Amino acid sequence: RIELGKGYLVLPGMVDIHVHMREPGQEYKEDWRTGSRAAVKGGVTFVADMPNNKPPANTCERLAEKLRRAGEKSLVDFAFYAGFSENPEELLRCPELFVGGKLYPEELFSRSAAYFARLMAKLGKPLVVHAEDPSMFRESRGLPHSYARPPEAELSGVRRALRLCGEAGAWVHVTHVSTGAAVTELLSAKLSGLKATFDVTPHHALLTDSLYSTTLSRIAKVNPPLRGEADRSAVYSALARGLPDALVTDHAPHSPEEKASEDPPPGFPGLELALHLLLSEVLAGRLPLGVIDLYSSRPASLLGVEKGAIAVGMDADLVVVKREEWVVRGDEMVSKARYTPFEGWRLSTKTHAVFVRGRMVYAEGEFFEDARGSLRAPRGAPERWW
Ligand code: DOR
Ligand code: ZN
Ligand code: ZN
């Protein structure tokens, strides 16, 4: 039972097109049950999952395996990206299993990147790129993580991605853009007519590398790294103007033990906070309410909802949000990664209830796994892989 009324806001379910659910292969970091709970708690009803599983999701068989696992456990709708390999033709057998291809920095600068890009172009799917140039990475022992991967490495990565876009005729989507220079480069590429899109994250818009000299240093390690104030502010302004094509969390959970270690892996969870970080900025008068579109309708249409490639927000994917002042605590997360670089932040909204395809899957801290029912088969479900 939910009560609507004063202080409640009904929004479309949020759409996060860059998450890592870690299953199969690294279920100790996250799995489809805990990861999709994190999504629901953050008002997210659809996620697109990255292929850097162990082993990578870069064949039809591995994507089909992920489909079975996610279909079995996920509380939210989902789609997958296909990972890079030297034999990507294999993916032509199962275009219905992925919504795009993904390139990591080393892959982006490999010889076969152009071939992978042409394959995605042929399929009419986006090539999602983590654009950093590994040749510009530096040894950062003792120095902040941002020193290891300077802003110029991102600009060089974006230029490489845009060349692929031009030469292979591919649609390139640069994800988690973290510097002002990269934003400018991408906007001018768009103006020149290239099929290039990009997204930004809440952490690059709201946090700076000053965290690398605090007790949150290990938790805040992420790639691309948190930047200086000038870059943070450039990303935030772009967001305020609605310039990116989407906002994504890059929900990248690792075990608390890993993150506490001497050399922690990059990434942290994001799904539980993103919507409420945005809405809290909106209520403080710093962002327009329209920014929510970047985390719902815009990414949905980007990945092809209209074409029926995936179905998002079509039949009552809804989130009901309430006003409530609260303080972010990592140990209250439902993700297996119970920590956050936003520790201690004061937020003004919480998720009250969530509906996926018209079924209530969450209300006031409770999850309704049974409500999934027909969710099992993803919409537009590729029968032969099921
Ligand atoms: O911080 C990151 N974590 N950046 C990436 O590109 C990968 C991700 C992960 O999978 O942990
Ligand atoms: Zn990345
Ligand atoms: Zn990622």
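All ligand and atom numbering here is 1-based and tracks the order in the structure. No experiment lies behind these values; they were computed from the predicted model shown.
The aromatic rings of Tyr104 and His130 sit tilted relative to each other, their planes meeting at an angle between 30° and 60°.
Two rings, from Phe116 and Phe84, have their centers less than 6.0 Å apart. Ring-centre distance between His176 and His18: below the 6.0 Å cut-off. A centroid separation of less than 6.0 Å is found between the aromatic rings of Tyr362 and Phe367. For His204 and Tyr236, the ring centers sit 6.0 Å or farther from each other.
Side-chain atoms of Glu272 and Ser335 form no donor-acceptor pair, as typed in the model, at a separation below 3.5 Å.
Using a non-hydrogen distance threshold of 4.0 Å, Lys221 does not register as a contact of ligand 1.
Against a heavy-atom cut-off of under 4.0 Å, Asn52 is close to the following atoms of ligand 1: 9 (C), 10 (O). Close approach to Val222 involves these atoms of ligand 1, each under 4.0 Å from a residue heavy atom: 1 (O). For ligand 1, the atoms sitting less than 4.0 Å from at least one non-hydrogen atom of His254 are 11 (O), numbered in the order shown with element in parentheses.
Of the angles at the Zn ion (ligand 3), the one spanning OD1 of Asp250 and NE2 of His20 is 90° when given to 10°. With the Zn ion (ligand 2) as the vertex, NE2 (His176) and ND1 (His130) define an angle of 90°, rounded to 10°.
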Determine, step by step, whether Leu279 and Leu11 satisfy the side chain to side chain contact (heavy atoms under 4.5 Å, CB included) criterion, reporting the C-alpha distance in whole Å, the side-chain angles of both residues, the deciding distance to 0.1 Å, and the verdict. CA-CA 11 Å; Leu279 286 175; Leu11 295 169; 4.3 Å; yes
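Of the protein's non-hydrogen atoms, Asn223 N, 2.9 Å is the one closest to atom 1 (O) of ligand 1. Of the protein's non-hydrogen atoms, Arg22 NH2, 3.4 Å is the one closest to atom 9 (C) of ligand 1. The nearest heavy-atom contact from the protein to atom 3 (N) of ligand 1 is Pro266 O, 3.1 Å.
Residue-level proximity to ligand 1 for His251 is absent, since no heavy atom of it falls below 4.0 angstrom.
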